[in-house]
Amino acid sequence: MAPRERALVTGASRGIGADIARRLARSDYHVVLAARNLGATQALAEELRAAGASASALTVDLSKPDSIASALESLRRAEAQEGPVSCLINNAGIAVSSPLLRTSDESVRRHMEVNFHGPRHLIEALLPGMLERGSGRIVNIASSAGLIGYPYVSAYCASKHALVGYCRAAAAEIGVPSKEASKSEQAGVRVHVVCPHYVDSPMLAESIARLMEKTGRSAEQARSFFAAQNPSGKLVGPEQVAEVVADLCSGDGVSQIVELDGAPTPVFRPIS
Ligand SMILES: NC(=O)c1ccc[n+]([C@@H]2O[C@H](COP(=O)([O-])OP(=O)(O)OC[C@H]3O[C@@H](n4cnc5c(N)ncnc54)[C@H](OP(=O)(O)O)[C@@H]3O)[C@@H](O)[C@H]2O)c1
């Protein structure tokens with residue numbers, strides 16, 4: 001039997017990341033579930049192992065370079081037994097709303113750390129091994145907020161635009177032969193970006209709670225408000241995002257940017 005490929009999923013303690021971990025475990029990856037809440041990732045890893053899958057948990061705080069360095073060191077130590085990370089799923093993220101002129105420096109910095117610099121550090125650490133092996137998948141869960149603007153979330157939009165821009169450049173660059181890797185080695189590495197509109201997850205539940213508090217709307221009204229912002233008029237299911245990630249991890253097509261707006265079919269476009 002071929003050894004399992006190892007997939008690192010950040011933000012796997014709940015929401016979209018937990019669904020991605022479940023989906024990749026079903027496709028026989030060894031899934032490393034990473035987040036700050038080790039209790040939650042350990043519980044999910046145990047649930048996956050009980051169902052016959054291979055999974056482990058890892059603590060990481062993406063806002064802290066030291067924590068990222070220790071997580072990478074643990075991954076390296078496990079490499080002899082579990083193999084290298086062949087799929088990196090940069091999913092963890094934060095979204096805190098505030099009016100444009102009342103958004104603090106601290107909030108902008110934190111969004112950039114978790115949503116942009118954290119994923120960037122993981123890419124910088126894991127991409128060289130992928131290029132050397134001539135195969136690897138990096139799937140970044142950005143957002144429609146990385147493509148368009150939304151009111152009251154300037155820090156979130158800025159961080160997601162930064163992630164999308166960085167990935168566009170990375171995908172373009174691995175298509176060009178470099179001193180570090182030949183063209184054929186690079187040919188097996190892909191950098192994909194997934195841009196969901198509003199997804200039914202704990203992050204959205206927080207936004208619903210904030211909207212109810214601010215406007216006095218009921219939970220149902222607040223939920224309908226967010227669904228109506230999506231072009232399809234429906235929320236995206238986290239399992240649909242997970243399905244797209246599984247496709248991107250196993251596919252051989254060129255690097256893609258994928259938009260999910262709640263309609264049954266996501267829109268795949270070559271990233272440029
Ligand atoms: N929900 C939406 O409407 C929506 C739409 C488009 C894109 N997205 C993106 O999809 C991704 C997942 O979102 P979600 O809806 O599943 O959010 P969520 O339910 O709030 O989950 C966020 C995940 O990120 C982790 N995380 C947060 N801060 C972290 C940090 N400093 N270090 C490491 N992990 C951290 C959390 O784990 P711990 O708290 O345990 O660390 C959690 O597992 C995010 O990047 C989000 O921006 C969401």
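Whatever order the structure lists them in is the order used to number ligands and atoms, beginning at 1.
- Other members of the cluster containing Leu248 are Val9, Ile16, Ile20, Leu24, Tyr29, Val31, Leu33, Leu44, Leu48, Ile89, Val139, Ile141, Val194, Val199, Val236, Val241, Val244, Val245, Val258, Leu260, Phe268, with ILVMFWY side chains joined at under 4.5 Å, either directly or via other members.
- For residues 227-251, every residue pair satisfying the side chain to side chain donor-acceptor pair (under 3.5 Å) rule, not counting sequence neighbours, is listed here: Arg23-Glu243.
- A distance of 11.0 Å separates CZ in Arg110 from OG in Ser104, rounded to the nearest 0.5 Å.
- For ligand 1, the protein residues within 4.0 angstrom (heavy atoms only) are Gly11, Ala12, Ser13, Arg14, Gly15, Ile16, Ala35, Arg36, Asn37, Val60, Asp61, Leu62, Ser63, Asn91, Ala92, Gly93, Ile94, Val114, Ile141, Ala142, Ser143, Tyr156, Lys160, Pro196, His197, Tyr198, Val199, Ser201, Pro202, Met203.
- Listed by chain and number, the residues in a side chain to side chain contact (heavy atoms under 4.5 Å, CB included) with His30 are Arg4, Arg6, Val32, Ser54, Ser56, Glu82 (sequence neighbours excluded).
- Taking a 6.0 Å sphere around OH of Tyr152, one finds it holds 12 or fewer heavy atoms contributed by other residues, nucleotides or ligands.
- The pair Arg120-Glu124 counts as a salt bridge, with a side-chain nitrogen and a carboxylate oxygen less than 4.0 angstrom apart.
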